[in-house]
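In what follows, chains are A, B, ... by sequence order, proteins preceding strands, each numbered from 1.
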Amino acid sequence: MTDTTTALAPTDAVSLHASVIAWFDEHARDLPWRRPEAGAWGVMVSEFMLQQTPVSRVLPVYEQWLARWPRPADLAAEAPGEAVRAWGRLGYPRRALRLHGAAQAIAERHGGDVPSEHAQLLALPGIGEYTAAAVASFAYGQRHTVLDTNVRRVFARAASGIQYPPTATTAAERRLARTLLPDDQETAARWAAASMELGALVCTARNEDCARCPIAGQCAWRLAGKPAHEGAARRGQTYAGTDRQVRGKLLAVLRASTAPVPQSALDGVWHEPVQRARALDGLVADGLVEPLEDGTYQLPS
DNA sequence: CATGCGTGGAG
DNA sequence: TCTCCAAGCAT
């Protein structure tokens, strides 16, 4: 029961908030989903796209998406396959399907407006703990602990004195986040965005830039001499030759064609027939691909 | 709770 | 070249 969460005394919390928020006011990126006109739908779309995908790649797709489907009901009225097609090469295309499903649920159950309640957001497909908190905080200014990979890393370093947070989010991390969350709602929402941005721009996974960090003087990790991460290097996720790669190739063919695609066109993307069939079956099972009576395939209608 | 799920850029 | 990683979620 070692307590590594009190490196920052509660009395330091106020100055901590002020430092990070002041830094944010000065250095925050001007991202489209942060502009007032984005609205809750814009925030929600951005959060789906940003799940495991860098900002630079999200930007162009986000703009096209919002121009085409400015409200949830606009997307809900489309075939899910159109969402998958518009998703392009962002990766993890199941997110497109879930975003479409979330839009339908919003149109049906919430009168077309993105719900503001955390529990209602959490009930939507594709929205988990993080995204629910992010939308409630960023779009509606509510007070929530927004624990993404950036915030977890900032807290791990500044408060716990370790280089990287654990693989999976722990109860201790949630507790720490709650402790550090400002009491005032407006300040809390600002803090959530600011601490995340700090992790994205300064306190990055590699090449952290402590010289530009507003809380370097209070950072437990830096003060401890920045000890290296203990334990084995995290997973080496090979991609070449996996089902994921095959699925990606198959879906790319289907995205490129408005007309149904014959089996022969799909056979060309991968030499090994067993794996190819398994990948295609998986896509069908996930609802990303629709097999037709005549043996052709298309994006879901 | 460990896995599977895409893709591309940086170091 | 190859490894790591980028605002997670669902099972």
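Using a 4.0 Å heavy-atom cutoff across all strands shown, A:L147 reaches no nucleic acid atom at all. Note on A:T53: a base of the nucleic acid sits closer than 4.0 angstrom, heavy atoms only. Using a 4.0 Å heavy-atom distance criterion, A:T242 is classed as making no nucleic acid contact. Using a 4.0 Å heavy-atom cutoff across all strands shown, A:R153 reaches sugar-phosphate atoms only and no base atom. As judged by a 4.0 angstrom heavy-atom cut-off over every strand, A:W33 is placed among the base-contacting residues.
Under the side chain to side chain contact (heavy atoms under 4.5 Å, CB included) criterion, A:V246 pairs with A:L250, A:W270, A:Q275, A:A279, sequence neighbours left out.
Each of A:L124, A:I127, A:V135 was compared with A:P115 under the side chain to side chain contact (heavy atoms under 4.5 Å, CB included) criterion, and only A:L124 meets it. A:L266 pairs in a side chain to side chain contact (heavy atoms under 4.5 Å, CB included) with only one of the listed residues (A:V289, A:L280, A:L251), which is A:L280.
A salt bridge is absent between A:R143 and A:E186; no separation between the charged side-chain nitrogens and carboxylate oxygens falls under 4.0 Å.
The minimum heavy-atom distance linking A:P70 with A:W41 is given by the pair O-CD1, 3.2 Å.
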Atom pairs under 3.5 Å, N or O on each side, protein against nucleotides 7-11 of chain B: can you list them with distances?
unit_1: B:dT7; atom_1: OP2; unit_2: A:Y239; atom_2: OH; d: 3.4
unit_1: B:dT7; atom_1: O2; unit_2: A:R57; atom_2: NH1; d: 2.7
unit_1: B:dG8; atom_1: OP1; unit_2: A:R89; atom_2: NE; d: 2.5
unit_1: B:dG8; atom_1: OP2; unit_2: A:R89; atom_2: NH2; d: 3.3

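Below 30°, between 30° and 60°, or above 60°: for A:W191 and A:F155 the angle between ring planes is below 30°, a parallel geometry.
You'll find that the side chain of A:R98 is closest to C:dA10, out of C:dA7, C:dA10, B:dG4.
For the pair A:L31 and A:G126, both in contact range of DNA chain C, the more 5′-proximal nearest nucleotide belongs to A:L31.
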